[in-house]
Amino acid sequence: MVVNAYVRADGRVGVRNHVLVLPVSYEMNQIAEKIVAKAPKAVTFRNQHGVNQDGADLEQTMRVYEGFATHPNVYGVVILAWGHEPIDLESLVGRARTAGKQVQLVSLSTVGGIRKAIEVGTEFVNTYLAERDQVRRQPVPLSSIILGTECGGSDACSGISGNPALGVVSDLLVAEGGMSILSETTELIGAEHLLAQRASTPDIAAQILHIVQRLEDNAMKMGVDIRGAQPSPGNMDGGITTIEEKSLGCIYKGGTTPIQEVIEYAERPTRQGLVIMDTPGHDIEQITGMVAGGAQVVIFTTGRGTPTGSPIAPCIKVATNTDTYDNMADNLDFNAGLVIDGLETVEETGRRLFDKMIDVLNGEVTKSELLGHREFGIYRIGKSL
């Protein structure tokens, strides 16, 4: 099966053709927004991170910036920096250039102030926008696609309708040679032994058990028993009673295929098939990690109608029940509640959702894109310094 996408110089394919304004610290957020106000076909995000990072946190943040700057959904990128960030900006520019991006660094400390940064940044963005409009989609195999799977605002229907249907999509994509990412380590708790049984090697099974144990150990160091802290109050309002119940519903998103790899937050998968990324359960940090890892599209199941998206990847929002879909139709793309209503099987809904994903990969705009949802957040390992 093929889809029509943008073939990049590094051989990866994009399903969107964005020009990204990337602020590498929160000090640059307002400048980024003013540039996009002058060139509204570009995209940006609000960054909550500043210059006080070090060690593993800094490495992880850099991995996210690199993942976004080199992402196949991005044609060109203007990197905005204050000039005092503890990161190697020239290296970031170099990696984006190596990936074939049009890229320019605008540093506030050397360009001549805020007005000049806005003026120069807008000029580069407009140049890239004009260039990217000349790029055309072309047929590529579906094996080029990485799917990020996500659930948030879950309810008692999530593990019965939306998540199993998403699992069907994951299986169909893997059968075509593509990649699917299962994440949310907090929501693997209580089901990790079942996932370990699906690992393609004993070493991968051990890694699955390790990331869950590591998460629990780190939480306990903060005095938090995560098995007691989950499910969240919103989940309980939706009818979920225990973390195990939530996890058993969550892992359906990964379908039934063997697990080929376990990767760290924002890392790019290296194996075709189903992989697990170690992320928190926080929706935005989780999506940011999967997209930085190369996911070109995200399918997000929700029982409560979570209204979020991504700056550079289309996010297909799937209602797990018909009431939520009808009540929030302006921000939901798909109704998996037909399973609950007894009108479709999980397999039928999953195949319909797969067809929806193909339409979006070919250019159909999602509700979160129409509404301008561009939430962004990086998972932190330690405290801010």
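All residue numbers refer to positions in the sequence shown, counting from 1. None of the values given here were measured: they were computed from a predicted structure.
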Please round to the nearest 0.5 Å and tell me the distance separating atom [atom1] of [X] and atom [atom2] of [Y].
X: Met328; Y: Asp323; atom1: CE; atom2: CG; value: 13.0 Å
X: Ile284; Y: Glu150; atom1: CD1; atom2: CD; value: 7.5 Å
X: Leu209; Y: His193; atom1: CG; atom2: NE2; value: 10.0 Å
X: Arg214; Y: His210; atom1: CZ; atom2: NE2; value: 4.5 Å
X: Leu215; Y: Met220; atom1: CG; atom2: CE; value: 12.0 Å
X: Thr44; Y: Met28; atom1: OG1; atom2: CE; value: 10.0 Å

Which atoms form the tightest heavy-atom contact between [X] and [Y], and what is the distance?
X: Leu338; Y: Arg352; result: CD1-NH2, 3.4 Å
X: Arg16; Y: Leu361; result: NH1-O, 4.4 Å
X: Cys315; Y: Ile287; result: SG-CD1, 4.4 Å
X: Ala96; Y: Ala69; result: CB-O, 3.9 Å
X: Ile378; Y: Tyr65; result: CD1-CE2, 4.1 Å
X: Ile251; Y: Glu187; result: CG2-O, 4.4 Å

With Met277, the side chain to side chain contact (heavy atoms under 4.5 Å, CB included) member among Leu182, Thr149, Ile181:
Ile181
In a check of side chain to side chain contact (heavy atoms under 4.5 Å, CB included) between Ser310 and each of Thr366, Val291, Val297, which one passes?
Val291
I'd like to know whether Ser161 forms a side-chain contact (heavy atoms from CB on, under 4.5 Å) with Thr320, so could you lay out the CA-CA distance, the side-chain angles of the two residues, the decisive distance to 0.1 Å, and finally the verdict.
CA-CA 6 Å; Ser161 60; Thr320 65; 3.5 Å; yes
Determine yes or no for a side-chain-to-main-chain donor-acceptor pair under 3.5 angstrom, with [X] supplying the side chain and [Y] the backbone.
X: His373; Y: Asn331; value: no
X: Asn73; Y: Val15; value: yes
X: Glu261; Y: Arg271; value: yes
X: Thr186; Y: Gly281; value: yes
X: Arg46; Y: Asn29; value: no
X: Thr185; Y: Val212; value: no
X: His49; Y: Thr61; value: no
X: Asn321; Y: Cys157; value: no
X: Asn335; Y: Gly337; value: yes
X: Gln60; Y: Tyr265; value: no

A side-chain contact here means heavy atoms from C-beta on lying under 4.5 Å apart; do [X] and [Y] qualify?
X: Val43; Y: Val21; value: no
X: Thr122; Y: Val78; value: no
X: Val3; Y: Pro139; value: no
X: Val125; Y: Lys41; value: no
X: Ile208; Y: Ile259; value: yes
X: Glu192; Y: Ile211; value: no
X: Val74; Y: Phe68; value: no
X: Ile340; Y: Thr322; value: no

Is the shortest side-chain N to carboxylate O distance from Glu59 to Arg63 below 4.0 Å?
no
So, Lys116 and Glu119, do they make that salt bridge, N to O below 4.0 Å?
yes
Step by step, would you call Ile31 with Leu108 a side-chain contact (heavy atoms from CB on, under 4.5 Å)?
CA-CA 9 Å; Ile31 295 174; Leu108 181 63; 4.0 Å; yes
Taking it one step at a time, do Arg380 and Asp57 satisfy salt bridge (charged side-chain N to carboxylate O under 4.0 Å, His left out)?
CA-CA 6 Å; Arg380 296 296 302 273; Asp57 256 324; 3.3 Å; yes
What I want to check is whether the side chains of [X] and [Y] have a donor and an acceptor closer together than 3.5 Å.
X: Glu344; Y: Thr349; answer: yes
X: Ser183; Y: Gln286; answer: yes
X: Asn163; Y: Ser158; answer: no
X: Ser25; Y: Glu27; answer: yes
X: Asp333; Y: Tyr325; answer: no

Single-linkage hydrophobic cluster, 4.5 Å side-chain cutoff, [X] and [Y] together:
X: Met357; Y: Leu353; value: yes
X: Val174; Y: Leu172; value: no
X: Ile145; Y: Val140; value: yes
X: Ile79; Y: Val64; value: yes
X: Leu92; Y: Ile312; value: yes

With a sphere of 6.0 Å drawn around CD1 of Ile114, does it hold more than 12 non-hydrogen atoms of other residues, nucleotides or ligands?
no
Within a 6.0 Å radius of atom CD on Glu364, are there more than 12 heavy atoms belonging to other residues, nucleotides or ligands?
yes
Steps toward side-chain contact (heavy atoms from CB on, under 4.5 Å) verdict (Leu147, Leu166)
CA-CA 10 Å; Leu147 165 67; Leu166 178 48; 4.3 Å; yes
Charged tip of Lys356 within 45° of Phe334 ring normal and under 6.0 Å:
no
Students often mix this up, so state it plainly: with edges at 30° and 60°, are the rings of Tyr128 and Tyr75 parallel, tilted or perpendicular?
perpendicular
Can you say whether the rings of His84 and Trp82 are parallel (under 30°), tilted (30 to 60°) or perpendicular (over 60°)?
perpendicular
Could you walk me through whether Arg12 and Ser144 satisfy the side-chain contact (heavy atoms from CB on, under 4.5 Å) test, starting with their C-alpha distance in whole Å, then the side-chain angles of each, then the deciding distance to 0.1 Å, before giving a yes or no?
CA-CA 7 Å; Arg12 301 163 77 194; Ser144 309; over 6 Å; no
